[in-house]
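Below, chains carry the letters A, B, ... as their sequence lines are ordered, and counting in each starts from 1. If you're wondering where the values come from, they're calculated on a predicted model, not measured in any experiment.
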Amino acid sequence: GQQLNQSPQSMFIQEGEDVSMNCTSSSIFNTWLWYKQEPGEGPVLLIALYKAGELTSNGRLTAQFGITRKDSFLNISASIPSDVGIYFCAGQLRGSQGNLIFGKGTKLSVKP
Amino acid sequence: NAGVMQNPRHLVRRRGQEARLRCSPMKGHSHVYWYRQLPEEGLKFMVYLQKENIIDESGMPKERFSAEFPKEGPSILRIQQVVRGDSAAYFCASSPGVPVSTQYFGPGTRLTVL
């Protein structure tokens with residue numbers, strides 16, 4: 001099946017540091033979405049990207065839809081303890097019916 | 001505006017029993033998606049439904065699994081004759097249709113098969 005390569009797999013950072021994570025694929029996507037999941041909960045939508053090159057911010061979060069439409073990154077600035085969780089990228093393939101393909105997640109730990 | 005609702009949140013079944021998972025989409029959403037998540041993994045697509053229609057079931061196992069989204073009432077994911085390998089978290093998402101892929105997820109149902 002189609003794969004999304006998400007990296008890094010995990011990050012251990014100090015409070016206040018900036019964080020960057022990304023997803024890449026060999027396939028072209030129409031949409032990129034970034035979600036955050038906390039233990040025992042469902043994924044919460046953070047940012048949605050619909051156009052190649054699009055750069056969108058949501059508070060301290062910034063995400064971009066790659067020009068080639070095969071990648072996306074998420075940056076978190078000035079991390080705080082409540083940023084802890086697993087961050088997933090998800091994309092809708094060009095020509096698909098609407099189902100999302102998910103990366104395996106980036107587990108973020110923030111040390112106060 | 002209430003989010004996506006799923007129940008039950010936790011479900012325990014013995015091998016061979018049936019599991020029924022329910023999902024009520026967000027108000028105004030007519031598209032429903034079901035995903036399965038194993039521990040330490042991302043979500044895997046199972047099925048996409050609109051009211052009374054299955055649009056894409058390419059991720060559904062061919063046997064024992066079925067889904068419906070009737071004209072009235074919640075969407076149901078049904079697993080017959082459960083096996084231990086069915087133990088997972090099952091998430092439902094809904095979208096308004098435009099743009100289709102902006103999907104909002106429910107809290108999930110954690111199925112444990114004994």
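Other residues, nucleotides and ligands contribute more than 12 heavy atoms inside 6.0 Å of the CZ atom of A:R60. Applying the 6.0 Å contact sphere to NZ of A:K111 captures no more than 12 heavy atoms from other residues, nucleotides or ligands. With a 6.0 Å radius and a threshold of 12 heavy atoms from other residues, nucleotides or ligands, A:Q14 has its CD atom above the threshold. The environment of CD in B:Q81 is sparse: at most 12 heavy-atom neighbours from other residues, nucleotides or ligands sit within 6.0 Å. Remark: B:M5 CE is loosely packed, at most 12 non-hydrogen atoms of other residues, nucleotides or ligands lying under 6.0 Å away.
In plain terms, the two heavy atoms of A:Y35 and B:Q103 that are nearest each other are OH-O, 2.6 Å. Between B:F91 and A:Q37, the shortest heavy-atom distance links the atoms CZ-NE2, 3.4 Å.
Atom CD of residue A:Q9 and atom CD of residue B:E40 lie 9.0 Å apart, to the nearest 0.5 angstrom. Taking CG from B:L43 and CD1 from A:I101, the interatomic distance works out to 12.5 Å, rounded to the nearest 0.5 Å. Between the OH atom in B:Y33 and the CG atom in A:N99 there is a gap of 8.5 Å [rounded to 0.5 Å].
A side-chain contact (heavy atoms from CB on, under 4.5 Å) with A:L100 holds for exactly one of B:F45, B:Y35, B:Y48; it is B:Y35.
Looking at B:Q6, neither its backbone nor its side chain comes within 4.5 Å of chain A, counting heavy atoms on both sides. Neither the backbone nor the side chain of A:Q6 comes within contact range of chain B; no heavy atoms are under 4.5 Å apart.
Residues passing the ring-ring contact (aromatic ring centres under 6.0 Å, His included) test with A:F73: none are found, sequence neighbours excluded.
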